[in-house]
Amino acid sequence: MANEVPALGGLPHVLSGKVRDLYDAGDDRLFFVASDRISAFDHVLASTIPDKGKVLTQISLFWFDHLREIVPNHLITASIDSYPPALRAYRDQLQGRSMLVRRARMVPVECVARGYLSGSGWKDYQRDGAVCGIKLPAGLRESDRLPEPIFTPAAKNHTGHDENIGFDAVVAAVGAPLAEHLRELTLRIYAKASEHAESKGLILADTKFEFGFVPGSDLHGTLAAHGQAADGDVLVLADEVLTPDSSRYWLASGYAPGGAQPSFDKQFVRDYLLSIRWNQQPPAPALPDEVVAQTRAKYLQAFELLTGQPLKV
Ligand SMILES: CCOC(=O)Cn1cc(-c2ncnc(N)c2C#N)cn1
């Protein structure tokens, strides 16, 4: 079937997620554009949130830099002047919400770290007293902080919810050495990120990372120490990183375990959708201007809290 999403500046469209569009930039490079689309209850809504794509892109760029001593990443550049010339004609459309990245051989596992019991982790705990085969103490409440952060991988499911899997399934998929490296690296990144978030008054309850391998020579030789594969490829952090779309952020001042916590960024949207008793079937409804404005303000606030800077819009 012909690709419905047009090419961008001659770059063929590769795929689209709920929020981001991915293009082939040639020479083993990919190009991400983050839209202002917002999803809730697994549906992309009819309304967009102005500047949301810029916030998410800039948060990923902030974390790529903040984590650079721990893990290399797939970023080439987010500067339009360094993009392929044909893209520069789209400066206004791309400014602040796009990035050129290295094409990686992606690891087929969603690497999730959880410091708190929420979402599918809470559901699995209620059923099994464990998450991804990791036994947890009895009597934990929803949103309780875990005794220590845990690695709770998921199988990539491009249509619906990712399925939580055990560590043995990761070993089966990628082998024990890489599985252990992914677990250690995921938890190390989570520890550094959650410490930073807490210093800014935010709880990073959980987050999902995606990793991939790029040729070692592509990374200016600066990273031989990190996850070097036998064939010289280097493991890099890819996809979006520690954004409100890939993570659960809660306001520490309002934290109250024993139930679901308000989502830092999407609570206004969720409350509105619950208030109109939407049956969560398409077409997803539009949002009132006030909810759009409040949600935009939350994204700008998230960026400012995490980075200490106001977003340049
Ligand atoms: C558009 C929304 O979906 C995704 O981004 C998921 N995805 C990532 C890749 C990928 N593939 C090769 N190299 C990379 N550097 C990446 C990255 N990031 C493919 N799908």
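Indexing begins at 1, ligand by ligand and atom by atom, following the structure's order. All figures in this text were calculated on a predicted structure; none of them were measured in a lab.
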Please tabulate, one line per pair, the protein N or O atoms found under 3.5 Å from any N or O atom of ligand 1, giving the distance to one decimal.
{"unit_1": "ligand 1", "atom_1": "5 (O)", "unit_2": "D239", "atom_2": "OD1", "d": "3.4"}
{"unit_1": "ligand 1", "atom_1": "13 (N)", "unit_2": "A104", "atom_2": "N", "d": "2.7"}
{"unit_1": "ligand 1", "atom_1": "15 (N)", "unit_2": "H74", "atom_2": "ND1", "d": "3.0"}
{"unit_1": "ligand 1", "atom_1": "15 (N)", "unit_2": "R102", "atom_2": "O", "d": "2.8"}
{"unit_1": "ligand 1", "atom_1": "18 (N)", "unit_2": "D239", "atom_2": "N", "d": "2.9"}

Using modelled atom types only, decide if a donor and an acceptor are shared between the side chain of K266 and the backbone of S39 within a distance under 3.5 Å. yes
Between the side chains of D21 and R97, is the shortest nitrogen-to-carboxylate-oxygen separation below 4.0 Å, so that they form an ion pair? no
Here the gap from Y90 atom OH to I80 atom CD1, rounded to the nearest 0.5 Å, amounts to 12.5 Å
Considering all heavy atoms of both residues, which atom of Y23 and which atom of V5 are nearest to each other, and what is their separation? OH-CG1, 4.0 Å
Would you kindly check if the NZ (Lys) or CZ (Arg) of K298 is within the cone defined by 45 degrees around the ring axis of F268 and under 6.0 Å from the six-membered ring centre? no
F31: partners by ring-ring contact (aromatic ring centres under 6.0 Å, His included), with sequence neighbours left out: Y83
